[in-house]
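Below is one structure, written out as structure tokens; comments come after it.
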There are 2 protein chains.
Amino acid sequence: MAVDKREHIMEHAISLFADKGFEGTSIRDLAQVAGVNVAMVNYYFGSKEKLVEAILEKKSSYMKDRIEELEANTNLSELDKIDALIEDYVNRILNGASFHKFLYKELMDTKRDVIHTFLNNSFARNTRNFSAIIQKGIDKKVFREVDPILTVTSIIGSISQVVVSKSMCNQLLLKPEGNEPYADEAFKQRLITHIKSMIHAHLLVK
Amino acid sequence: MAVDKREHIMEHAISLFADKGFEGTSIRDLAQVAGVNVAMVNYYFGSKEKLVEAILEKKSSYMKDRIEELEANTNLSELDKIDALIEDYVNRILNGASFHKFLYKELMDTKRDVIHTFLNNSFARNTRNFSAIIQKGIDKKVFREVDPILTVTSIIGSISQVVVSKSMCNQLLLKPEGNEPYADEAFKQRLITHIKSMIHAHLLVK
DNA sequence: AAATATTAAACAAACGTTTGATTAATTCAA
DNA sequence: TTGAATTAATCAAACGTTTGTTTAATATTT
């Protein structure tokens with residue numbers, strides 16, 4: 001049961017950190033929500049900060065492998081690779097919306113330096129690797145001479161913007177408060193379609 | 001000196017809240033950085049939370065007025081209005097990068113309910129008003145039948161993504177740590193050019 | 001002199017963490 | 001397979017700090 005309980009605590013921590021922030025979530029809050037004793041967090045993870053590191057270690061190879069795999073793939077066209085990445089990003093980010101929100105908060109936060117640096121490097125490397133695919137398409141003269149880094153920034157930014165606030169999202173979709181937009185397959189598809197359409201026009205059109 | 005000191009405290013608060021978060025910034029931190037006594041924050045603002053409300057009240061008509069003004073304007077084409085808004089957003093957000101980061105964190109955070117609700121409504125309303133301009137362009141058959149809400153989401157998301165982390169931004173621009181990318185006029189222009197180019201292709205091309 | 005601004009000190013509450021006792025699970029010789 | 005020995009897990013209580021805030025005295029302005 002030991003491993004299960006660790007993950008049980010981590011899942012609740014992700015959701016609380018996403019909504020209330022790291023400092024905004026007390027270990028007593030977390031313990032209560034997760035249904036464990038206050039001492040358990042320090043027992044299993046050593047400290048509140050190490051809990052964050054454990055969460056990142058567990059969850060954070062994230063898109064890295066997928067991007068590098070696609071970058072190396074020689075069968076797919078650059079446009080196919082970008083389409084695949086758009087789909088993957090939307091699915092990964094929307095399915096793990098709380099985790100992504102939590103990542104984002106930590107990325108913005110300079111307080112926990114090791115974590116801040118780690119996340120900055122991860123995000124920057126993923127963006128760079130992704131943009132290398134676009135650059136290859138430009139070199140092959142399949143794509144227009146767009147700004148590869150900022151194009152990737154727009155893709156990630158489009159998805160992240162959606163995930164920043166559930167209630168803003170519901171307002172924009174004209175859904176009632178309490179709706180779960182990120183779990184809605186139709187919305188996921190709508191977002192994928194929009195981003196693909198925008199990026200295709202951006203990359204391909206004269 | 002009273003008003004000046006109030007604003008002096010607010011400016012330092014914005015920058016600290018942006019980097020360390022609301023709960024991550026103690027009043028003692030703030031007082032020291034701002035060079036005032038700990039009691040001054042409560043003396044001038046009443047509480048730490050009311051300090052946030054004062055900051056929002058001061059700074060947060062933000063883009064609302066500009067969007068509504070442009071929406072009502074009958075001289076400009078829809079495309080001109082969108083271009084104007086892209087420029088305004090980039091300039092406003094990058095010039096007030098700390099403030100925007102702080103806004104974003106509060107938008108993501110559900111802990112302070114009044115503020116969370118207020119910001120959600122503001123962001124949603126701005127997005128809706130902005131998208132109404134796009135909708136009008138679609139109705140006039142000047143624009144393609146794009147997704148207006150998600151198109152605005154992409155514009156705002158593209159800019160926000162840049163502002164989320166200064167060190168990620170510097171890494172991507174191949175600038176040394178410590179560089180101030182948001183103050184760089186050339187980068188601002190590069191971002192404006194990219195977004196305009198992407199959105200134009202998205203809106204206009206068959 | 002009255003009102004406003006500033007201060008150091010003190011407040012209770014909440015914080016992350018540790019403790020020492022208790023229970024549950026596992027190990028392993030008989 | 002049993003039952004003592006060892007380890008792991010859980011708990012309530014307490015620890016020392018830090019937190020936001022208040023106080024009461026002092027300084028400055030008006």
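The structure displayed is predicted, hence computed values, not measured ones. Sequence lines set the chain letters: A, B, ... in the order given, protein chains first and strands last, and positions in each chain run from 1.
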B:Tyr43 atom OH is separated from C:dT7 atom P, nearest whole Å, by 12 Å

Sort and list the pairs that fulfil salt bridge (charged side-chain N to carboxylate O under 4.0 Å, His left out) and have at least one residue in residues 155-172 of chain B, not counting sequence neighbours. B:Lys166-B:Glu180

Between the first and last five pairs of the helix from C:dA1-D:dT30 to C:dA30-D:dT1, the angle of the axes, rounded to 10 degrees: 10°

Quick one: A:Gln32 CD to C:dA14 C1', roughly how many Å, whole number? 14 Å

Between atom CE in B:Met40 and atom P in C:dA8, what is the gap in whole Å? 10 Å

When you measure from every atom of DNA chain D, which of residues 13-31 of chain A have a heavy atom less than 4.0 Å away? A:Arg28

Is it the case that B:His8 and B:Asp4 place a side-chain donor and acceptor less than 3.5 Å from each other? no

In this structure, how many angstroms lie between the C1' atom of C:dG16 and the CG atom of A:Asn42, rounded? 7 Å

List in chain and number order the residues that pass side-chain hydrogen bond (donor to acceptor under 3.5 Å, both in side chains) with B:Asn170, two or more places apart in sequence or in another chain; answer none if no residue qualifies. B:Asn179

Check this one for me: any side-chain N or O of B:Lys5 less than 4.0 Å away from OP1 or OP2 of C:dT6? yes

Got a sec, which residues hit salt bridge (charged side-chain N to carboxylate O under 4.0 Å, His left out) with A:Arg125, two or more places apart in sequence or on another chain? none

Does anything in residues 67-79 of chain A pair up under salt bridge (charged side-chain N to carboxylate O under 4.0 Å, His left out), and if so which pairs, sequence neighbours excluded? A:Lys64-A:Glu68, A:Arg66-A:Glu69, A:Glu78-A:Lys140

Salt bridge (charged side-chain N to carboxylate O under 4.0 Å, His left out) pairs, two or more places apart, involving residues 19-40 of chain B: B:Asp19-B:Lys101, B:Glu23-B:Arg112

What residue pairs, at least two apart or across chains, pass ring pair (Phe, Tyr, Trp, His ring centres under 6.0 Å) with a residue in residues 177-203 of chain B? A:His194-B:His202, A:His202-B:His194

Hits for side-chain hydrogen bond (donor to acceptor under 3.5 Å, both in side chains) against A:Asn75, two or more places apart or cross-chain, chain-then-number order -> none

What integer distance in Å separates B:Asn37:CG from D:dA25:C1'? 13 Å

